[in-house]
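Following: one structure in structure tokens, then a few remarks.
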Amino acid sequence: MLTMTQFKALKQILRYIKGTVVFGFFYGYFSSFKLVSYSDSDWIGDMDARKRTVCFVFYIEDTTFT
């Protein structure tokens, strides 16, 4: 069962998707393409809770995805 906070967040996400659905994605045909990824993690960023922070970045040709 969702809490009220979770429900409001979900509602906001669905509104965003509804408003941006026309943008779409376009991928042209490539005989080969270059996929590069980088990652980083920080285990010591929160000394009290010992939570880690993780970040990923992906590149397909000249397009960045995070």
D40 and V54: CA distance, side-chain angles, deciding distance, side chain to side chain contact (heavy atoms under 4.5 Å, CB included) verdict:
CA-CA 6 Å; D40 186 29; V54 179; over 6 Å; no
What's the separation between atom [atom1] in [X] and atom [atom2] in [Y], rounded to the nearest 0.5 Å?
X: Y59; Y: Y38; atom1: OH; atom2: OH; answer: 6.5 Å
X: K11; Y: L2; atom1: NZ; atom2: CG; answer: 13.0 Å
X: Q12; Y: L14; atom1: CD; atom2: CG; answer: 9.5 Å
X: L35; Y: T63; atom1: CG; atom2: OG1; answer: 11.5 Å

Which heavy atom of Y16 sits nearest a heavy atom of T20, and at what distance?
O-OG1, 2.9 Å
Provide the closest heavy-atom pair for I60 versus F65 in the form atom of the first, atom of the second, distance.
CD1-CE1, 4.0 Å
